[in-house]
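Presented below is the structure to which this report refers.
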Number of protein chains: 2
Amino acid sequence: MKQEAETARGAPATLWDRTRRLASREILETALRLFTEQGYDETTIAQIAREAGVSQRTLFRYFGTKEDLLGGNQDRFGQVLTDTISELPAEVGVWEALRTGVAAVLALHDSREQALERFRLLHNTASLRAGWLEKQLRFQEDLLPLIEVRMDAATGSVGAKARAVIATAFACLDAASMTWVDNDGKGDIIDLYDECLAAVRG
Amino acid sequence: MKQEAETARGAPATLWDRTRRLASREILETALRLFTEQGYDETTIAQIAREAGVSQRTLFRYFGTKEDLLGGNQDRFGQVLTDTISELPAEVGVWEALRTGVAAVLALHDSREQALERFRLLHNTASLRAGWLEKQLRFQEDLLPLIEVRMDAATGSVGAKARAVIATAFACLDAASMTWVDNDGKGDIIDLYDECLAAVRG
DNA sequence: GACTGTTTGGCAGCGACTGCCAATTTGCGT
DNA sequence: ACGCAAATTGGCAGTCGCTGCCAAACAGTC
């Protein structure tokens, strides 16, 4: 677990790291394949471990949760979101700031197809949606202070308003990505996002 | 399981029904007590069953899921929501329709204190929040057709917009109830809801 | 080649949840 | 009041995600 100095780019120095990366990839690919083939709930950890050629115990050491096997580790989303927004100048309004953050997150996906695959899985599996929404809530908490300072504290509870605004942005993102999936990945999600937001804000 | 004709109000005719109701209440009260005493995740089904004086198997026959033990069965919320909105005249706009539905749902709670207790539990327990959000998603799907017909199909995907609007309403409800809990139940949730919506729709 | 630290696999166990079967309880007809 | 059928219950074993623990296999260093 020692984050040894490995030459920033290129193959990692040690055999351990190389093996780790290989195993990680093998597990991830096996998992995604099985998930799309037979569904998330219908795929057991035992099966993934067997087909990836590792023990269950090792699999859980690489990925602490079954959800983590979806790849495109969603925890980074929160990071990128908060980083992007906190680097914005103070004059930028809440809505524009959130839009910028959302765009940055959407830009993280490798390929359109992989994104489509993941989103499809996400929107078709109840347990996954729930997990995703829970993560959203955590992002929401992280975003709260960054948004609060950008809002005019005119009347009432600033916290409530900020929460509502953030949650609305996420709601639009979800609605947009859901529609995107329904359209088999036609168009850009960010355009759908704008459309949704326009519908909400009249 | 035969839904025998029991005089609509008053004690149910058969002993079975009476016993069932008693057991149900006993389990529910025990569960809520333990949840608030030691937390949701820290309370095991085995403990609830033991203290309620039934077997685990029977407990699961009364309530299919641990979440169902929260009481105030949330599945009714969806019912009330869709019923309320579908009974509204066609001229009523989407936002007013949704507000009416939300108000109807909020009116379902027995007492302010019980509601506060449940909301507090909900907002402080990650797994519960996830479950609640998942139910919200189901409500959202049910509401979709009712909202779509109330929207002007000017441009773009009506589905996306309707979804966004509904999700925004839920987002405001969540933000409102969260703030309500933070304020220890001071004021009316529906007022906070209006405040949140105002913040979003500018 | 021996020593040290890392990684791995297996096993037992927990908690939510389900299917199955036998035992108990309740309702009803005679 | 008795007995049969239906409803209800409890117990047991098993699944699945997930964790702690311990011994074995392994990479890296001297």
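Just so it is clear, the values below take in all heavy atoms, side chains as well, and ignore hydrogens, waters and symmetry mates. Numbered from 1 within each chain, the chains take letters A, B, ... in sequence-line order.
The nearest whole Å value for the distance from the CG atom in B:L22 to the P atom in C:dT25 is 17 Å. Rounded to an integer number of Å, the gap from B:F63 CZ to D:dT9 P is 12 Å. One interatomic measurement links the two molecules: CZ of A:R20 to P of D:dC26, which rounds to 17 Å at whole-angstrom precision. If you measure from atom CG of B:D68 to atom C1' of C:dC17, you get 12 Å, rounded to the nearest angstrom. Rounded to a whole Å, the CZ atom of A:R50 is 13 Å from the P atom of C:dG10. Taking atom CD of residue B:E26 and atom P of nucleotide D:dT9, one finds them 14 Å apart after rounding to whole Å. Regarding B:I27, its CD1 atom lies at a distance of 13 Å from the C1' atom of D:dG10, rounded to whole Å. Distance A:K66 NZ to D:dC16 P: 9 Å, rounded to the nearest Å.
The nearest heavy atom of DNA chain C to B:T19 and to A:L59 marks one nucleotide each, and the one closer to the 5' end goes with A:L59.
At the phosphate of C:dT7, neither OP1 nor OP2 sits under 4.0 Å from any side-chain N or O atom of A:Y62. Applying the 4.0 Å criterion to OP1 and OP2 of D:dT9, one finds that B:T58 has every side-chain N and O outside that range.
By the salt bridge (charged side-chain N to carboxylate O under 4.0 Å, His left out) test, A:E29 is found to be paired with no residue, residues two or more places apart in sequence or in another chain being considered. For A:D142, there are no salt bridge (charged side-chain N to carboxylate O under 4.0 Å, His left out) partners, not counting sequence neighbours. In this view, A:E117 satisfies the salt bridge (charged side-chain N to carboxylate O under 4.0 Å, His left out) rule with no residue, not counting sequence neighbours. Applying the salt bridge (charged side-chain N to carboxylate O under 4.0 Å, His left out) criterion to A:R112, with sequence neighbours excluded, gives A:D188.
Put simply, the side chain of A:S157 reaches to within 4.5 Å of the side chain of B:E195, judged on heavy atoms.
Residue pairs that meet the ring-ring contact (aromatic ring centres under 6.0 Å, His included) test with at least one member in residues 46-76 of chain A, sequence neighbours left out, do not exist here. Sequence neighbours left out, the pairs with a member in residues 20-51 of chain B that pass ring-ring contact (aromatic ring centres under 6.0 Å, His included) are B:F35-B:Y40. Listed by first then second residue, pairs satisfying salt bridge (Lys or Arg N to Asp or Glu O under 4.0 Å) with a partner in residues 39-57 of chain A read A:R33-A:E51, not counting sequence neighbours.
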For residues 75-85 of chain B, dump all side-chain donor-acceptor pairs below 3.5 Å to protein atoms at least two apart in sequence or in another chain.
unit_1: B:T82; atom_1: OG1; unit_2: B:G78; atom_2: O; d: 3.0
unit_1: B:T82; atom_1: OG1; unit_2: B:Q79; atom_2: O; d: 3.0
unit_1: B:T84; atom_1: OG1; unit_2: B:V80; atom_2: O; d: 2.6

Output side-chain donor-acceptor pairs under 3.5 Å for residues 180-187 of chain B, partner residues at least two apart or in another chain, one line each.
unit_1: B:W180; atom_1: NE1; unit_2: B:G185; atom_2: O; d: 3.4
unit_1: B:W180; atom_1: NE1; unit_2: B:G187; atom_2: O; d: 3.0
unit_1: B:D182; atom_1: OD2; unit_2: A:R163; atom_2: NH2; d: 3.4
unit_1: B:D184; atom_1: OD1; unit_2: B:R120; atom_2: NH1; d: 3.4
unit_1: B:D184; atom_1: OD1; unit_2: B:R120; atom_2: NH2; d: 3.4

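The pair A:R129-A:D174 fails the salt-bridge criterion, with no side-chain N (NZ, NE, NH1 or NH2) lying under 4.0 Å from an Asp/Glu carboxylate O.
When the C1' atoms of four end pairs are superposed on the next four at each end of the helix from C:dG1-D:dC30 to C:dT30-D:dA1, using five pairs per end, the two resulting axes differ in direction by 10°, to 10°.
Only B:T43, B:T44, B:I45, listed by number, bring a heavy atom of residues 32-48 of chain B to less than 4.0 angstrom from any atom of DNA chain C.
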Output one line per pair: protein atom, nucleotide atom from nucleotides 18-21 of chain C, and distance, for all N/O pairs under 3.5 Å.
unit_1: C:dG19; atom_1: N7; unit_2: B:R57; atom_2: NE; d: 3.4
unit_1: C:dG19; atom_1: N7; unit_2: B:R57; atom_2: NH2; d: 2.9
unit_1: C:dG19; atom_1: O6; unit_2: B:R57; atom_2: NE; d: 2.6

